[in-house]
Visitor: 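Below is a structure I'd like to ask you about.
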Amino acid sequence: MTTLDAGFDLAAAKRDAERRAFRKRMLTFGIPAAVLAYLVYVAIAFDIAGLAARARMDNARILLADMVSHKVHVTRDNRFDKTTVAIEGENKGTYADDQWPAWVVREGASTVVALEAGNVVRFDPDAVRFDIPDYGVLEIVQNRTGITMTMPAGATPEWINASSSRVTVTRPEGRLTVTKTRAEVFRYFGGWELFFFTLDSPFHGKDWAQLAALAVSGERVRAGESNLAAMASDVWNNAMWRHKDVAWAIFETVLMAFLGTMGAAILAVPLAFAAAKNFAPAFPVRFGMRRVFDFLRGVDGLIWTIILSRAFGPGPLTGSLAILFTDTGTFGKLFSEALENVDRKQIDGLRSTGANVVQRNRFGVIPQLAPVIVSQVLYYLESNMRSATVIGAIVGGGIGLLLTQAIQTQKDWEEVTYYIVLTLMMVSATDMLSGWLRSKLIGGR
Amino acid sequence: MTDIALRGVDGLKVDYLALVRRRRLYSALLLVLFVALIAGGFDLADSRNAGGFWSGLSQIFDFPVELVREAINKGAALPGNLWRYLPAMIETINIAAVSTLLGAVLAVFLSLLSTRGLARWPRLMPLFRRVMDTMRAIPEIVIALVLIFVLGGGPVPAMIAIAFHTAGALGKLFSEVNENADLKPIEGLSSVGASWFQRMWLGVLPQVMPNYLSYALLRFEINVRASAILGFVGAGGIGAELRVAISWGTGRYDAAAAIFLLLFLTIVAIDQLSSHVRNRLVGGH
């Protein structure tokens, strides 16, 4: 048995060990402390404390309620002395004057709107009256000069928002808005109305069994067209949900992602050869190519999108090109790195059989590169499907545009929900497809 | 065997060549189909675009040239502009950093809970996997736009949106890393009665930390880009400033040039820095 080495200094070793332990301890506490300090700084910089004040919880409530319901507007316009009943207040959802739903009744010159739980709104010629059980009657008189409201005694409840030019009464059963020239009441219903057929379609208001019966037999509802074709065309051209435009938008988004990714891959493969050390012996070429890739990647997708949309105008082509430019840089870098890691043995083997340059690359390099290309292209195709959504919002094309428009008008949250659901379906479908293709093409997991 | 014996080597050769020809034909057909898809796609995209490809191609440098010209004409203002937009750039970077941090923390939990051998509740593994898939699938812009409506504009909606997506994306990568973790330390720890949290903290995380950090840095790079682009659609940061600077009519191209430059330099710097650190983290062992 040997004892300690002659030069071993126990005291020094202890000091060393203590120093290490101390450093480690500082690190374990130092890093979390630094992270915490950073988070505190950001919380102050982002004004998290003021967030609660800025947050519009009423907006959140509207959003959640609207996602799964629709509202029907009953509107009286004093200038034209006309009352209309319209789903979501849209032209295409306006009921014909003789086909109002049962809860809206004409009584002489008045209109009586029955809301749930006994709430009633009356548009009388002299005033608008809102009868709220457990509270009383609100009487709102519209003048050319302003609005006067008479309400039951007591403090103004928080669900009434009144000024001299506008009164808003927000109740769970409905919402009443009165201005000098207009009175409007919303009543909420569950579900997405008119999703398949608008009011002007002959198929509106029929249940599934009736529709199925009409589709297979029965008289032609519209002359010169089979019922099935008429139904399909009514759904496709539905003016409220705009299924045709939405389908095109989804297709445009997919198109942008597909063209951008594939175009970038096609461009990047030859360029990657020029940037790989073992295939481009000339240093200037290699260096130049790499800087091109860095530049394409560094000029972010956002900047490309803006520059290109100035030249090409809004639309899917601009989006495709923006993705193509950015990803050519990314693919170029990835592929050239893969090329540099290519196994020389296969190429040497081919050379020994007398294969020329093209054959060596075709049979010696491409088979090694192909799995990298396929897996990266599929991965980016999937990720670009999401990028195309946001790029579409900027260049003005695809589902991204519809989504931003629908959200910015802050009106039809059920449409927003519809678009979101479709976007998710689109992304998940690509996800599954690319997973399946990857396993087919390169095997393994 | 009998087949070869009957038809000889020549027959085999004929069969083989026929097989090769058929495979080549299929490959060629696939290639033609692919090229047709690409060409048709570009044609369709071109026809649905507001401006045409060929007319646009000649104008592609108009905007950059105008931008550069104005930036050069007002060259003296460039340092001032860079300084002026630096806070917005820092805000964008902060959004990316915080969302990467929060997303990564969430991803660590999600990935540990969905890795075989490590999961706290093995039966719930598929659930956590689906949760990660869903988080990954939702585009950031969707969450950001909805949150902007509720929380108002500013950095917080973008931060939450990116963090959400990051948790899903990193969770998947982390769980792949976890699968390669050595289980012996965990067995050792559980033999002395360590809780699940202690097993993960002391047994798993030290093994996987370098890979985690490497992936998180890569994600940070991606998130800087994402937060810039989300700024353009309503969240705060450099994107919002850029939107103002390039808007038609009031466009201040010297400001836009400064923002472009700032964005470019930041992205390249973060790119270089992160690839350097990642090489040291993962290449080191």
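Within every chain, numbering begins at 1; the chains are lettered A, B, ... in the order of the sequence lines, protein sequences first and strands thereafter.
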Visitor: Quick one: what part of D300(A) sits under 4.5 Å from any heavy atom of chain B, side chain, backbone, both or neither?
Guide: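 Both the backbone and the side chain of D300(A) come within 4.5 Å of chain B.
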
Visitor: Would you sort out whether R386(A) and H165(B) count as a side chain to side chain contact (heavy atoms under 4.5 Å, CB included), showing the intermediate values?
Guide: CA-CA 11 Å; R386(A) 285 185 290 270; H165(B) 181 79; 3.3 Å; yes

Visitor: By a 4.5 Å heavy-atom criterion (distance strictly below it), what part of F34(B) contacts chain A: side chain, backbone, both, or neither?
Guide: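 When you check distances to chain A, only side chain atoms of F34(B) fall under 4.5 Å.
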
Visitor: Looking at I303(A), L317(A), D47(A), T305(A), which makes the most heavy-atom pairs under 4.5 Å with chain B?
Guide: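 Heavy-atom pairs under 4.5 Å are most numerous for L317(A).
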
Visitor: What part of T326(A) is in contact with chain B, defined as an atom under 4.5 angstrom from a non-hydrogen atom: side chain, backbone, both or neither?
Guide: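 Answer is side chain: those atoms of T326(A) sit under 4.5 Å from chain B.
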
Visitor: Which bit of I399(A) is near chain B, if near means a heavy-atom gap under 4.5 Å: side chain, backbone, both or neither?
Guide: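 Neither; nothing under 4.5 Å.
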
Visitor: Side chain, backbone, both or neither: which part of F63(B) has a non-hydrogen atom closer than 4.5 Å to chain A?
Guide: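 Looking at F63(B), just its side chain touches chain A.
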
Visitor: Find the one option among I138(B), V233(B), T266(B) whose heavy-atom pairs under 4.5 Å with chain A are most numerous.
Guide: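 Result: the option with the highest number of such pairs is I138(B).
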
Visitor: How many angstroms lie between atom CZ of R136(B) and atom CG of D431(A), to the nearest 0.5 angstrom?
Guide: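 Those atoms lie 5.5 Å apart.
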
Visitor: Quick check: are there more than 12 heavy atoms from other residues, nucleotides or ligands sitting under 6.0 Å from CZ of R69(B)?
Guide: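 No, not enclosed.
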
Visitor: Give every donor-acceptor pair under 3.5 Å between a side-chain atom in residues 413-422 of chain A and any protein atom, sequence neighbours left out.
Guide:
from	atom 1	to	atom 2	distance (Å)
T417(A)	OG1	W413(A)	O	2.6
Y418(A)	OH	H243(A)	ND1	2.9

Visitor: Is T404(A) close to chain B through its backbone or its side chain, or both, or neither, when contacts mean heavy atoms under 4.5 Å?
Guide: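 Answer is both: backbone and side chain atoms of T404(A) are under 4.5 Å from chain B.
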
Visitor: Decide side chain to side chain contact (heavy atoms under 4.5 Å, CB included) for I306(A) and F232(B); before the verdict, give the C-alpha distance in whole Å, the side-chain angles of both, and the deciding distance to 0.1 Å.
Guide: CA-CA 10 Å; I306(A) 291 166; F232(B) 202 84; 3.6 Å; yes

Visitor: Select one option (side chain, backbone, both, neither) describing which atoms of V390(A) are under 4.5 Å from chain B's heavy atoms.
Guide: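 Answer is both: backbone and side chain atoms of V390(A) are under 4.5 Å from chain B.
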
Visitor: If you count heavy-atom pairs under 4.5 Å between each of G313(A), P314(A), G263(A), A45(A) and chain B, which one has the most?
Guide: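 The option with the most such pairs is P314(A).
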
Visitor: Nearest 0.5 Å please: distance from the OG atom of S428(A) over to the CG atom of D133(B).
Guide: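 It comes to 8.5 Å.
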
Visitor: Can you name the residues that form a ring-ring contact (aromatic ring centres under 6.0 Å, His included) with F53(B), not counting sequence neighbours?
Guide: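 Per chain and number, F53(B) pairs via ring-ring contact (aromatic ring centres under 6.0 Å, His included) with F312(A).
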
Visitor: To the nearest 0.5 Å, how far apart are CG in L67(B) and CZ in R310(A)?
Guide: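 If I round to the nearest 0.5 Å, the distance is 9.0 Å.
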
Visitor: Applying side chain to side chain donor-acceptor pair (under 3.5 Å), name anything that partners N94(B), two or more places apart in sequence or on another chain.
Guide: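 For N94(B) the side chain to side chain donor-acceptor pair (under 3.5 Å) partners, ignoring immediate neighbours, are Y38(A), Y41(A).
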
Visitor: For chain B, which candidate among I407(A), V395(A), L302(A), V427(A) shows the most heavy-atom pairs at distances under 4.5 Å?
Guide: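 If we count pairs closer than 4.5 Å to chain B, L302(A) comes out on top.
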
Visitor: Heavy atoms only: give me the nearest L259(A)-A45(B) pair and the separation to one decimal.
Guide: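 Result for this residue pair: CD1-CB, 4.0 Å.
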
Visitor: Given the options L265(B), I95(B), L37(B), which has more heavy-atom pairs under 4.5 Å with chain A than any of the others?
Guide: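 Result: the option with the highest number of such pairs is I95(B).
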
Visitor: For R243(B), which atoms come within 4.5 Å of any heavy atom of chain A: side chain, backbone, both, or neither?
Guide: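 Interface part for R243(B): neither.
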
Visitor: Sub-4.5 Å heavy-atom contacts with chain A: which residues of residues 139-149 of chain B show up?
Guide: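 P139(B), I141(B), V142(B), L145(B), V146(B), F149(B), listed by number.
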
Visitor: Please flag which part of I307(A) lies under 4.5 Å from any non-hydrogen atom of chain B: side chain, backbone, both or neither.
Guide: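 For I307(A), heavy atoms of backbone and side chain both lie under 4.5 Å from chain B.
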
